[in-house]
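In what follows, residues are counted from 1 in the order of the sequence shown. Counting starts at 1 for both ligands and their atoms, following the listed order.
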Amino acid sequence: MDDLTNEQMMYLIETAEAFRRGQKQLTRPYYAANLFFEDSTRTKSSFEMAERKLGMNVISFDAQTASIQKGETLYDTVKTLEAVGLDVVVIRHGEDRFFDQLEGRVKLSIINGGDGMGHHPSQCLLDLQTIYQEFKSFKGLNVTIVGDIHHSRVARSNAIALKRLGAFVQFSGPKEWMDDDLLAIGRYIDFDQAVETSDVLMMLRVQHERHAFGMTFSKNEYHRLYGLNAEREKRMKQSSIIMHPAPVNRGVEIADELVECSRSRIFKQMANGVYTRMAMLQFVLQQREALKHEFVN
Ligand code: CP
């Protein structure tokens, strides 16, 4: 997200909207693979759906049975897929900035499907698309990101992009889970105050797997202090929406009955994800063609 200009972000949102309306593009069949070294349901399946909707050929890749298990490096894995003839790979990896070891060393295009506690660009762009559909602008919107901020690549990507596009970003949840870097982007706000004043409440998953010493709260205690429950939902502004990147810990960060309530855009976000990822794939492949053209000329 740091590398995209505001104009490129808006271009991707508008391209995603065009794909949602039925636009079809991509002139030749391209080859893609999705390399997921961390678990995923949404990102992996929707990248694959996006690739198929664009008419791309999807080469299967299973990290559990790939030669990475025999000690092959990420670089050698990607270089191999390039040699085999792939045009683009989507990579999710547990290491922050895994792409640094690939940048400038491979010719195929790489899309970040989530790097450690770094960034999650496709989630960010689909979140932007969802907010844009709702409010038609980001300027002056009050967006509060709530919960496990420190471990969240979604929080990082969204906070940076939303602020750049003119939204007023705030953070809430346990103070000990905040991130000093992000608090330079937006202030901390008490959760009950955020519930009543935010246009967008972006609830985050409590990432149990990244808490090295276990959770400091019981699930019930977390839900009571920082969870979005029916009583809090009633105090939200009439036009406000609820978002969550999912997977959802039902009954922890959000009450079970609110996951599909009228304010919730959680499944809308997932549906938008396919169009956002189509836009991203088209964008990187167009850039690749432009670079090839520049090289030939
Ligand atoms: N939101 C998200 O990244 O979900 P997955 O981990 O299932 O891909």
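- Nearest to atom 4 (O) of ligand 1 among the protein's heavy atoms is R42 NE, 3.0 Å.
- By the 4.5 Å heavy-atom criterion applied to side chains, K237 and T197 are not counted as neighbours.
- Here's the thing with P247: none of its N/O atoms is less than 3.5 angstrom from an N/O atom of ligand 1.
- Close to ligand 1: A246, with a non-hydrogen atom less than 4.0 angstrom away.
- Close contacts of ligand 1 with H120, meaning ligand atoms under 4.0 Å from a residue heavy atom, involve 2 (C), 3 (O).
- Aromatic ring orientation, W177 versus F217: perpendicular (interplanar angle above 60°, classes split at 30° and 60°).
- Looking at atom 7 (O) of ligand 1, its nearest protein heavy atom turns out to be T41 N, 2.8 Å.
- Relative to the six-membered ring of F36, R92 misses at least one condition, a distance below 6.0 Å or an angle of at most 45° to the axis.
- Ligand-side atoms of ligand 1 in range of S40: 5 (P), 6 (O), 7 (O), 8 (O), range being under 4.0 angstrom from any heavy atom.
- Between R92 and ligand 1, at least one N/O pair is under 3.5 Å apart.
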Check step by step if side chain to side chain donor-acceptor pair (under 3.5 Å) holds for T130 and N272.
CA-CA 7 Å; T130 308; N272 282 338; 2.9 Å; yes
Does the salt bridge (charged side-chain N to carboxylate O under 4.0 Å, His left out) test come out yes or no for D179 and R156, once each step is laid out?
CA-CA 9 Å; D179 188 312; R156 190 168 320 284; 3.2 Å; yes
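- N142 and D199 share no side-chain donor-acceptor pair at under 3.5 Å.
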